[in-house]
Amino acid sequence: MPELPEVETIRRSLEPKLLGRTIEKVYVFLERIVKKPGAGEFSRLLAGRKIISLDRRGKYLLVRLEGDYTWVVHLRMTGQLIYAPEKLKHRHLRLAFLLDNGHWLNFIDMRTFGSMYLLPDDRLGEIRGLATMGPEPLSDRFSVEEFYRRLQKRKRAVKTVLLDQTVVAGLGNIYADEALFLAGIDPRREAASLSKTEVERLYQAVVRALRQGLRNRGTTFRDYLDGAGEKGKNQYYLNVYHRGGKPCRRCGTGIVKIRVGGRGTSFCPNCQK
DNA sequence: CATTTACCCTGATCGC
DNA sequence: TGCGATCAGGGTAAAT
């Protein structure tokens, strides 16, 4: 499940391969991945365009193209974008893009939740998730004050609120659980009940959890691969996620797995209050 | 606005 | 061993 560190790792791995390349041909094997415009229009508009830059916003990958168009990709649960010398023979290959150097960008997505858009830059606001996206947690725009104000308004569990992309961009289940552990906060706590001090700890913890994920090139449990098809290493350094029943690395207490807001949630009942 | 629920989907795993 | 049920889970739309 690609979250901010995974999408950023993909962006960084693809950037040197894609910059300046022109997309020669587009193959759509599963039309419903393409949300806007229709699959045919998408292919026609994309073919022949040169890639100017590769950006990321939350979990969205933004491919800036010549002619003021942006190709937007969201990997959702199991999407993979893999640059290779050939079109990959894979049963879950959903789209493939032939580049002007003969190499291919392969979009593989087992569960088919992934989505793509191709829009003129001035119409990117039509992508709701992008338009309402909260601040980037690794930028200066992410402030403790605003984070505190946002949390104060919410009666839901703090874990649920961390997953809300309008509050802060890019957190998913893994890094939300890890941040709450680093902050020593129980994921079930009502968001508004957190003191200013606790919110400051959580703010720092979000940044630390994401930076660690980035340093380790993402977390691979099953599906995640970077743009070169390489696994991440962050799964070896997690404190709570996917560690239910195992001893807490800090205190030895058994990590507990529960459900919070319908999501599997792992935490240490001794370290997180 | 905040919140809740349904929905999209396939493969792994669980329970009997 | 077989097989149906359940789980995994991001984010949007629609309903409340």
Side-chain angles (χ1 to χ4, degrees), chain A residues 1-8 10 28-36 39 56-62 72-81 90-95 107-117 119 124-134 136-137 146-180 187-194 206 210 213 218-225 235 238 240-245 257-267:
Chain A
M1 38 238 84
E3 306 178 24
L4 188 152
E6 288 75 30
V7 179
E8 179 61 21
I10 291 169
V28 181
F29 306 115
L30 186 62
E31 297 200 352
R32 67 181 150 69
I33 300 281
V34 181
K35 309 298 180 189
K36 272 184 192 181
R56 179 193 55 75
R57 184 78 175 89
K59 302 173 193 173
Y60 288 88
L61 202 60
L62 307 174
V72 180
V73 181
H74 197 301
L75 305 169
R76 285 298 205 285
M77 300 290 297
T78 56
Q80 304 172 334
L81 266 181
H90 193 295
R91 62 185 300 212
H92 301 311
L93 182 71
R94 310 303 187 189
L95 293 97
F107 182 73
I108 294 169
D109 187 6
M110 183 183 80
R111 281 185 176 147
T112 76
F113 287 178
S115 47
M116 290 195 189
Y117 306 80
L119 289 169
L124 286 176
E126 292 177 20
I127 303 171
R128 204 155 176 285
L130 259 187
T132 61
M133 184 81 64
E136 281 295 323
E146 192 195 339
F147 191 44
Y148 180 66
R149 278 197 299 274
R150 295 274 209 153
L151 292 175
Q152 283 293 301
K153 289 183 195 164
R154 308 290 293 266
K155 306 280 285 181
R156 295 300 94 205
V158 59
K159 155 76 180 270
T160 304
V161 179
L162 284 183
L163 293 176
D164 183 340
Q165 303 297 298
T166 69
V167 172
V168 54
L171 287 177
N173 221 25
I174 298 173
Y175 297 97
D177 279 5
E178 291 299 310
L180 286 162
R188 298 166 293 188
R189 290 269 305 278
E190 180 186 310
S193 80
L194 268 62
V206 164
L210 293 172
T219 304
T220 300
F221 275 111
R222 185 176 303 142
D223 303 296
Y224 166 70
L225 299 174
Q235 60 277 17
L238 299 176
V240 287
Y241 184 83
H242 223 273
R243 296 196 68 242
K257 183 164 182 193
I258 58 171
R259 295 195 82 76
V260 175
R263 289 286 185 257
T265 300
S266 304
F267 73 109

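So you know, we letter chains A, B, ... as the sequences are listed, proteins then strands, and number each from 1.
Here A:F113 packs flat against the base of C:dG10; its ring centre is closer than 5.5 angstrom to the base's six-membered ring, tilted by less than 30 degrees.
Recorded end-axis angle for the helix from B:dA2-C:dT16 to B:dC16-C:dG2 stands at 50°, based on five pairs per end and rounded to 10 degrees.
Nucleic acid contact for A:M1: sugar-phosphate only, since backbone atoms but no base atoms lie under 4.0 Å from a heavy atom of the residue. Among the atoms of the strands shown, only primed sugar atoms or phosphate atoms (P, OP1, OP2) are found under 4.0 Å from some heavy atom of A:R259. Contact annotation for A:F221: no contact, since no heavy-atom pair falls under 4.0 Å across all strands. Across all strands shown, A:R263 has heavy atoms under 4.0 Å from base atoms, whether or not it also approaches the sugar-phosphate. Contact annotation for A:K257: backbone-only contact, meaning every heavy-atom pair under 4.0 Å involves sugar-phosphate atoms and none involves a base. Residue contacts shown for A:Y224 are absent, as no nucleic acid heavy atom lies under 4.0 Å away.
Side-chain atoms of A:T112 and A:R94 form no donor-acceptor pair, as typed in the model, at a separation below 3.5 Å.
The line from CD of A:Q235 to OG1 of A:T220 is 5.0 Å long, rounded to the nearest 0.5 Å. Between A:L4 atom CG and A:Y60 atom OH the span is 13.5 Å, to the nearest 0.5 Å.
In this structure, A:K159 atom NZ and C:dG9 atom C1' are separated by 10 Å, rounded to whole Å. Between the OH atom of A:Y117 and the C1' atom of C:dG11 there is a distance of 9 Å, given to the nearest Å. Summarising the geometry, the separation between CZ on A:R128 and P on C:dG11 is reported as 13 Å, rounded to the nearest angstrom. The distance between atom CG of A:L4 and atom C1' of C:dG11, rounded to the nearest whole Å, is 16 Å. The CE atom of A:M116 sits 16 Å away from the P atom of C:dT12 (whole-angstrom rounding). Here the P atom of nucleotide C:dG11 and the CZ atom of A:R76 are 6 Å apart, to the nearest Å. The NZ-C1' distance, from A:K36 to C:dT12, rounds to 12 Å in whole Å. Rounded to whole Å, the distance from CG on A:D223 to C1' on C:dG9 is 11 Å.
Think of the region where chain A sits on DNA chain B: with heavy atoms and a 4.0 Å cut, that region ends 5' and 3' at B:dA2 to B:dG11.
A:F221 and A:H242 have parallel rings, their planes meeting at less than 30° on a 0 to 90° scale where 60° marks the start of perpendicular.
In summary, A:R154 and A:D164 engage in a salt bridge, as defined by a charged side-chain N under 4.0 Å from a carboxylate O. Looking at A:E3 and A:K59, no side-chain N of the basic residue comes within less than 4.0 Å of a carboxylate O on the acidic one, giving no salt bridge.
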Side-chain donor-acceptor pairs of residues 257-267 of chain A under 3.5 Å, sequence neighbours excluded:
unit_1: A:R259; atom_1: NH2; unit_2: A:G262; atom_2: O; d: 2.7
unit_1: A:T265; atom_1: OG1; unit_2: A:K159; atom_2: NZ; d: 2.8
unit_1: A:T265; atom_1: OG1; unit_2: A:R263; atom_2: O; d: 3.0

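Residue A:H74 places no side-chain N or O under 4.0 Å from the OP1 or OP2 atom of C:dG10.
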